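Accompanying notes for the structure given below.
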Number of protein chains: 2
Amino acid sequence: MSQHRHPGAPGRAGAVPALPDLPEATVARLPEYLRALHNLAETSHETVSSEGLANAAGVNSAKLRKDLSQLGSYGTRGVGYDVALLIDQIEYVLGLTQRRAVALVGVGNLGHALAGYDGFAGRGFRIAALFDADQERVGEEINGLIVRHVDELPRVAAEESIAIGVIATPAAAAQRVADQLVSVGVTSILNFAPCVLSVPEGVDVRKVDLAIELQILSFHEHRKATLTALPAAGGPALTALPGGLAVTESQEAIGT
Amino acid sequence: MSQHRHPGAPGRAGAVPALPDLPEATVARLPEYLRALHNLAETSHETVSSEGLANAAGVNSAKLRKDLSQLGSYGTRGVGYDVALLIDQIEYVLGLTQRRAVALVGVGNLGHALAGYDGFAGRGFRIAALFDADQERVGEEINGLIVRHVDELPRVAAEESIAIGVIATPAAAAQRVADQLVSVGVTSILNFAPCVLSVPEGVDVRKVDLAIELQILSFHEHRKATLTALPAAGGPALTALPGGLAVTESQEAIGT
DNA sequence: AGGCGCTTGTGAAGACGTGCACAAATCGCG
DNA sequence: CGCGATTTGTGCACGTCTTCACAAGCGCCT
Ligand SMILES: NC(=O)c1ccc[n+]([C@@H]2O[C@H](COP(=O)([O-])OP(=O)(O)OC[C@H]3O[C@@H](n4cnc5c(N)ncnc54)[C@H](O)[C@@H]3O)[C@@H](O)[C@H]2O)c1
Ligand SMILES: NC(=O)c1ccc[n+]([C@@H]2O[C@H](COP(=O)([O-])OP(=O)(O)OC[C@H]3O[C@@H](n4cnc5c(N)ncnc54)[C@H](O)[C@@H]3O)[C@@H](O)[C@H]2O)c1
């Protein structure tokens with residue numbers, strides 16, 4: 001871990017080393033800190049301690065301090081962190097100093113919700129274009145944006161400077177759409193379709209699959225149920241899976 | 001997240017406890033394997049090798065084998081895994097042998113999309129009830145379900161056996177809703193509101209925040225941009241932030 | 001000025017996750 | 001029946017992440 005800093009920072013406020021390569025786990029938490037910080041700023045907090053911020057972000061305070069130290073952000077011992085300064089630093093590191101343009105492909109059920117959501121603006125993004133393959137939908141106006149045909153992607157991508165592509169099409173179309181996005185120079189993709197995308201190196205894909213989230217919850221639910229179902233007296237004795245699956249599930253969610 | 005163990009296996013009733021406590025990372029990948037397996041099953045594959053399944057799921061094959069070995073699922077050396085059997089085993093472990101009932105609270109922009117999505121059924125879930133606090137929305141029918149007032153949650157939760165609660169309300173209401181869900185016995189919550197929920201021990205919360213996903217992508221985009229802006233000379237010519245944030249961002253996308 | 005309480009930043013240790021590489025197991029075939 | 005091709009299951013080494021615990025720094029009060 002040989003990361004050199006520029007501790008100089010003479011004169012004016014916090015100087016930030018441009019982009020130390022942060023641990024992925026840290027990067028994933030920074031947005032959470034940022035959101036918490038914005039909340040604090042709105043409630044007129046000037047500074048916040050690592051404990052306080054950690055609480056607001058739902059993490060361990062030591063972890064938070066280590067995360068912040070990673071980006072060279074200096075707090076003040078005995079005092080805490082300057083909220084406004086920290087916001088600036090995190091926003092800079094996350095690349096949010098410019099409002100990034102997002103292209104949304106697939107304006108169906110989910111796409112409508114995303115297109116109609118006005119919460120992205122406050123988080124650093126601007127939905128710049130909507131695309132669909134269905135002629136029925138092309139031309140429709142959502143939130144001030146007109147749905148264009150996906151074939152217009154190259155032209156529009158040239159006009160707007162698209163930074164991120166969001167895929168909200170059925171899984172069957174997702175790979176094709178991803179290819180199209182990549183071919184117009186998009187190097188970051190958020191994919192809602194339940195499938196794996198293959199993209200060239202240098203392109204980042206993040207996936208959001210709601211069913212997977214539910215299934216993970218289901219696992220824990222299942223585990224909790226079988227644990228609480230153990231009367232310590234070797235009761236029903238969970239049926240193993242010898243060959244055919246013999247499943248004996250009695251009670252699941254037992255509140256109180 | 002402290003997870004308690006019961007390694008002792010007191011009594012040790014015959015067979016393997018059907019639920020060895022799997023590493024969290026494994027649990028998070030099982031749904032992906034399951035989806036890939038269903039795809040394979042539909043294309044009439046009887047068996048699949050770890051390599052093939054790993055490919056379909058977008059992971060390393062050694063990792064996949066280790067994951068599967070965790071759940072005691074045995075493949076056949078020289079052959080691979082029996083697709084149908086593996087589906088059954090994973091579905092059992094994830095607790096999907098029974099279709100779990102999901103309650104959705106907050107039928108707004110996003111809630112509508114979720115309620116209207118028919119893809120959950122095939123993944124083991126049934127949206128059993130919709131709730132909202134807005135009288136305007138109460139009574140509306142979506143996909144065969146009628147939106148009820150959130151005050152009816154206790155009554156409905158008693159009728160249907162709700163396993164999982166999904167929160168799609170504004171952040172300001174999320175904690176209150178979470179409390180209500182917990183109070184009617186829900187121990188698994190999927191939260192779409194951008195805020196941290198505090199819940200009693202034993203209740204699992206997973207959070208989906210789309211803005212966070214975008215911000216993580218933004219970070220990498222930012223990093224890629226500053227990297228490609230470097231003239232390949234070893235020194236990371238960092239653009240410090242002298243006072244105001246001086247951002248030098250030149251080119252974003254790199255095509256190969 | 002000095003001491004005191006509070007808070008940061010970080011070393012160290014351990015838990016956890018990953019991926020290589022290979023022995024063991026199985027199948028098909030001659 | 002034995003052999004080679006194939007593929008699983010896993011020991012091991014390595015890297016990443018988390019958490020504790022505490023010295024060092026800072027502001028404030030006396
Ligand atoms: N709606 C949800 O709540 C939800 C939940 C989980 C996952 N998803 C996933 O999100 C994706 C979208 O879901 P949805 O419910 O909005 O589906 P949808 O069918 O309502 O919408 C899909 C849209 O994509 C468009 N489309 C199809 N092919 C296209 C192409 N090649 N280029 C551009 N547009 C194309 C269609 O015209 C349609 O408008 C699906 O993959 C779905 O599995 C949705
Ligand atoms: N729409 C999106 O694409 C999107 C994207 C990212 C995050 N989100 C988040 O998802 C959540 C919902 O977003 P949305 O766009 O659907 O908002 P919305 O305002 O359209 O819908 C919220 C719904 O919740 C209901 N509600 C409010 N308080 C309630 C309560 N106490 N009990 C029950 N229902 C209540 C409202 O009546 C409304 O119908 C928000 O937290 C938002 O930040 C949405």
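Throughout, a chain's letter reflects where its sequence line sits, starting with A, and its residues are numbered from 1. Because the structure is predicted, anything quoted here is derived from the model rather than measured.
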Which heavy-atom pair separates [X] from [Y] by the least distance, and what is that distance?
{"X": "L210(A)", "Y": "L190(B)", "result": "O-CD2, 4.5 Å"}
{"X": "A57(A)", "Y": "V196(B)", "result": "O-CG1, 3.6 Å"}
{"X": "E32(A)", "Y": "I212(B)", "result": "OE1-CD1, 3.2 Å"}
{"X": "L217(B)", "Y": "S188(A)", "result": "O-OG, 3.8 Å"}

Candidate list R123(B), Q98(B), R100(B), E91(B), test side chain to side chain donor-acceptor pair (under 3.5 Å), partner S218(A), passing option
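Only one option passes, and that is R100(B).
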Once side chain to side chain contact (heavy atoms under 4.5 Å, CB included) is applied, do any residues pair with Q70(B), and if so which ones, sequence neighbours excluded?
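By the side chain to side chain contact (heavy atoms under 4.5 Å, CB included) rule, Q70(B) matches L22(B), P23(B), T26(B), K66(B).
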Tell me which donor-acceptor pairs under 3.5 Å the side chains of residues 199-206 of chain A have, and how far apart each pair is, sequence neighbours excluded?
from    : atom 1 : to      : atom 2 : distance (Å)
D204(A) : OD2    : K224(B) : NZ     : 3.2
R206(A) : NE     : E213(B) : OE1    : 2.5
R206(A) : NH2    : E213(B) : OE1    : 3.2

Whole Å only: how far is the [atom1] atom of [X] from the [atom2] atom of [N]?
{"X": "D82(B)", "N": "dT8(D)", "atom1": "CG", "atom2": "P", "result": "13 Å"}
{"X": "Y81(B)", "N": "dT7(D)", "atom1": "OH", "atom2": "P", "result": "12 Å"}
{"X": "D21(A)", "N": "dG15(D)", "atom1": "CG", "atom2": "C1'", "result": "14 Å"}
{"X": "L22(B)", "N": "dC16(C)", "atom1": "CG", "atom2": "P", "result": "14 Å"}

Do nucleotides 23-30 of chain C as a string where each nucleotide becomes B, S or -: B if the base has a protein heavy atom under 4.0 Å, S if just the sugar-phosphate does, - if no protein is that close.
-BBBS---
Reported CG-to-OG distance for the pair N55(A) and S49(A), which is rounded to 0.5 angstrom:
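Going from the CG atom of N55(A) to the OG atom of S49(A) covers 8.5 Å.
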Quick one: side chains of residues 74-83 of chain B, donor-acceptor pairs under 3.5 Å with protein atoms, not counting sequence neighbours, listed by atom name and distance.
from   : atom 1 : to     : atom 2 : distance (Å)
D82(B) : OD1    : A84(B) : N      : 3.0
D82(B) : OD1    : L85(B) : N      : 2.9

Near-strand residues of residues 50-72 of chain B, defined as heavy-atom separation under 4.0 angstrom from DNA chain D
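Going residue by residue through residues 50-72 of chain B, the ones with a heavy atom under 4.0 Å of DNA chain D turn out to be S50(B), R65(B), K66(B), S69(B).
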Which of residues 28-41 of chain A sit near DNA chain D, with a heavy atom under 4.0 Å from it?
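By residue number: R29(A).
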If we count only N and O atoms by modelled type, under 3.5 Å, do the side chains of Q175(B) and D179(B) hold a donor and an acceptor together?
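Looking only at side-chain atoms, D179(B) and Q175(B) do form a donor-acceptor pair, the distance falling under 3.5 Å.
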